[in-house]
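Position 1 is the first residue of the sequence; numbering continues from there. Being a predicted model, the structure only gives us computed values, none of them experimental.
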Amino acid sequence: MTQGALLGSHRALDPDRTWYLPDGTVLRPHHVSTRAATDPVVPGELTRYEIEVFPTAVLIAPDHRLRLTVTTYDFPNLVPTKPARAALTGGSYRIQQGGPTASHLLLPLLDPDRL
């Protein structure tokens with residue numbers, strides 16, 4: 001249906017271009033992708049990522065399910081540079097479950113009868 005991507009070291013948000021809900025929750029992140037904004041990922045350290053998943057409109061039947069796939073990169077669409085590939089090789093990824101920092105997927109919903 002859609003996809004998104006984020007190079008972890010480029011996770012800094014542009015507050016003027018990021019969309020926020022009234023409670024401050026990030027609805028649509030916009031990242032600063034400059035060398036100056038690079039923030040290295042520290043292995044084993046809990047790090048928050050606001051990953052932009054590109055908007056789409058789709059009708060999902062009540063008995064259908066969504067699947068989220070997390071991967072190192074999306075070949076051939078998003079191929080990291082040679083130095084980045086070396087840094088990604090052998091990486092380990094954890095999704096935080098439960099507690100105050102639990103991972104989540106925000107899905108804004110529309111009533112199809114109101115379109």
How would you list all residue pairs meeting salt bridge (Lys or Arg N to Asp or Glu O under 4.0 Å) that involve [range], not counting sequence neighbours?
range	value
residues 26-46	Arg11-Asp39, Arg28-Glu52
residues 75-84	none
residues 56-69	none

List, by chain and then residue number, the residues other than [X] in its hydrophobic cluster (Ile/Leu/Val/Met/Phe/Trp/Tyr, side-chain heavy atoms under 4.5 Å); write none if there are no others.
X	value
Val53	none
Val26	Leu13, Tyr20
Leu59	none

Would you say Met1 ends up clustered with Leu107 if hydrophobic residues are merged whenever their side chains have heavy atoms under 4.5 Å apart, either directly or through other cluster members?
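Leu107 and Met1: one cluster.
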
Qualifying residues under side chain to side chain contact (heavy atoms under 4.5 Å, CB included), relative to [X], sequence neighbours excluded:
X	answer
Leu21	Asp23, Thr25, Leu27, Leu106
Arg48	Glu50, His104
Ala37	Ala12, Val32, Thr34
Ile60	Val58, His64, Leu66

Looking only at heavy atoms, what is the nearest atom pair of Pro40 and Ser9, with distance?
CA-CB, 4.4 Å

Using 0.5 Å steps for rounding, measure from the CG atom of Leu68 to the CD1 atom of Ile51.
8.0 Å

So, using side chain to side chain donor-acceptor pair (under 3.5 Å) as the criterion, who are the partners of Asp14 when residues are at least two apart?
none

Who pairs with His30 by side chain to side chain donor-acceptor pair (under 3.5 Å), at least two apart in sequence or on another chain?
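Scan of His30 (side chain to side chain donor-acceptor pair (under 3.5 Å), adjacent residues dropped) gives Arg17.
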
